[in-house]
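Structure, as structure tokens:
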Amino acid sequence: MLNLHQAEFIRSAVKPADFPQDGLPQIVFAGKSNVGKSSTINKLLGRKNFARVGNQPGKTVHINFFQIDKKAYFTDLPGYGYAKVSKAERDRWGRLIDDYFASGLISLGIQIVDMRHKPTADDVTMAGWFLAADVPFVVIANKLDKVKKREQQDNLQLIQQTLLLPEDVPVIPFSAEKGDGKEDVLALIENAVED
């Protein structure tokens, strides 16, 4: 079992040489800039402000590595789809993320989408990256607490269809506010770490 209280920030990677190469499993979190990625990581770790929660979306411009219990990394990818970033900067992120996906270091991909809305073109691209990297992959549908019960099933189906997800990629309803879905996600993370 991972001791989630043993979490420490290791480094921000700006180039492939910065990626940890120590053989520990790397659990990768990806999502649009305002989807609640930091809040989700904080909820999973049971911390308030561990992964910085920015008021300005698009604050994470590097790949941030957090070591959990000296047994695994939580990798926080730059938030995507944020318009206020120059094209050059977006291209730099794209190359960095490309290099990371090609590195063979990813043990589990976790993509966070907003359960209230149809996934964006950027969400579809990100899902495609995970699928192309051929790594175990799960989608967290965040903001469950903001969706009416009767709409939840339809919204989950829309996410599945829009992201072109194969049957074996779970879509987990999640609330970073209330903690719904937390145990399901942690179970998948434990499995990835034990493999």
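Just so you know, these numbers come straight off a predicted model, no measurement behind them. In this chain, residues are counted from 1 in sequence order.
The main-chain N or O of V147 is found under 3.5 Å from a side-chain atom of Q152 such that the two form a donor-acceptor pair. A donor-acceptor contact shorter than 3.5 Å links the side chain of R47 to the backbone of H5. Formation of a donor-acceptor pair under 3.5 Å by the K118 side chain with backbone atoms of T162 is not found in this model. Between the E190 side chain and the L2 main chain, a donor and an acceptor come within less than 3.5 Å of each other. When atom types are taken as modelled, the side chain of K32 and the backbone of T120 share no donor-acceptor pair closer than 3.5 angstrom. Looking only at distances, a side-chain donor or acceptor of N142 sits under 3.5 Å from a matching main-chain atom of V35.
Hydrophobic clustering keeps I159 apart from L164 (ILVMFWY residues linked when any side-chain heavy atoms are closer than 4.5 Å, directly or through intermediates). Under a hydrophobic clustering in which Ile, Leu, Val, Met, Phe, Trp and Tyr are joined whenever their side-chain heavy atoms come within less than 4.5 Å, directly or via other members, V14 and F9 fall into different clusters. Tracing side-chain contacts under 4.5 Å through hydrophobic residues (I, L, V, M, F, W, Y), one never reaches F174 starting from L158; they form parts of separate clusters.
Rounding to the nearest 0.5 Å places CD1 of I172 at 11.5 Å from CD of E183. With values rounded to the nearest 0.5 angstrom, I112 atom CD1 is found 11.0 Å from M126 atom CE. Between the CG atom in D22 and the CD atom in Q67 there is a gap of 6.5 Å [rounded to 0.5 Å]. One distance of note links OG of S175 with CD1 of I140; it measures 11.0 Å at 0.5 Å rounding. Taken from CE in M1 to CG in D69, the straight-line distance is 10.5 Å, to the nearest 0.5 Å. In this structure, the separation between CZ on R116 and NZ on K148 is 12.0 Å, given to the nearest 0.5 Å.
By the 4.0 Å N-to-carboxylate-O rule, E194 lies too far from K71 to be salt-bridged with it. Taking 4.0 Å as the cut-off between side-chain N and carboxylate O, R95 and D98 do not count as a salt-bridged pair. A salt bridge does not link K178 to D180: none of the charged side-chain nitrogens sits closer than 4.0 Å to a carboxylate oxygen. With respect to D76 and K37, a salt bridge is recorded, a charged nitrogen being found less than 4.0 Å from a carboxylate O.
Taking all atoms of both residues into account, the shortest heavy-atom contact from D123 to Q111 is O-NE2, 3.0 Å. Between F101 and A133, the shortest heavy-atom contact is CD2-CB, 3.7 Å. Residue L105 comes nearest to P20 through the heavy atom pair CD1-O, 3.7 Å, listed as atom of the first residue, atom of the second, then distance. Between I106 and G109, the closest heavy-atom pair is CG2-N, 4.2 Å. Heavy atoms only, all atoms of each residue included: P25 and S107 are closest at CA-OG, 3.1 Å.
Residues V139 and L163 are in side-chain contact: their nearest non-hydrogen atoms beyond the backbone lie under 4.5 Å apart. Side-chain atoms of I27 and V193, non-hydrogen and from C-beta on, do get closer than 4.5 Å to each other. Annotation: side chain of K43 is not in contact with side chain of T40 (no heavy-atom distance under 4.5 Å). The side-chain heavy atoms of I63 and W93, taken from C-beta on, include no pair separated by under 4.5 Å. Taking the side chain as every heavy atom from C-beta outward, V28 and L108 never approach each other to under 4.5 Å. No side-chain heavy atom of I110 sits under 4.5 Å from any side-chain heavy atom of L188.
For D91, the CG atom sits in a packed shell: over 12 heavy atoms of surrounding residues, nucleotides or ligands are nearer than 6.0 Å. The 12-atom threshold is exceeded at NZ of K146, counting heavy atoms of other residues, nucleotides or ligands nearer than 6.0 Å.
Each of L24, L4, N3, I189 was compared with I68 under the side-chain contact (heavy atoms from CB on, under 4.5 Å) criterion, and only L4 meets it.
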For this session: Check the pair V138 / V185 against side-chain contact (heavy atoms from CB on, under 4.5 Å), numbers first and verdict last.
Result: CA-CA 9 Å; V138 53; V185 177; 5.8 Å; no
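When ring centroids are compared, F74 and F66 stay outside the 6.0 Å threshold.
Below 30°, between 30° and 60°, or above 60°: for F19 and Y100 the angle between ring planes is above 60°, a perpendicular geometry.
Using modelled atom types, one finds no donor on one side chain facing an acceptor on the other under 3.5 Å when comparing S39 with N42.
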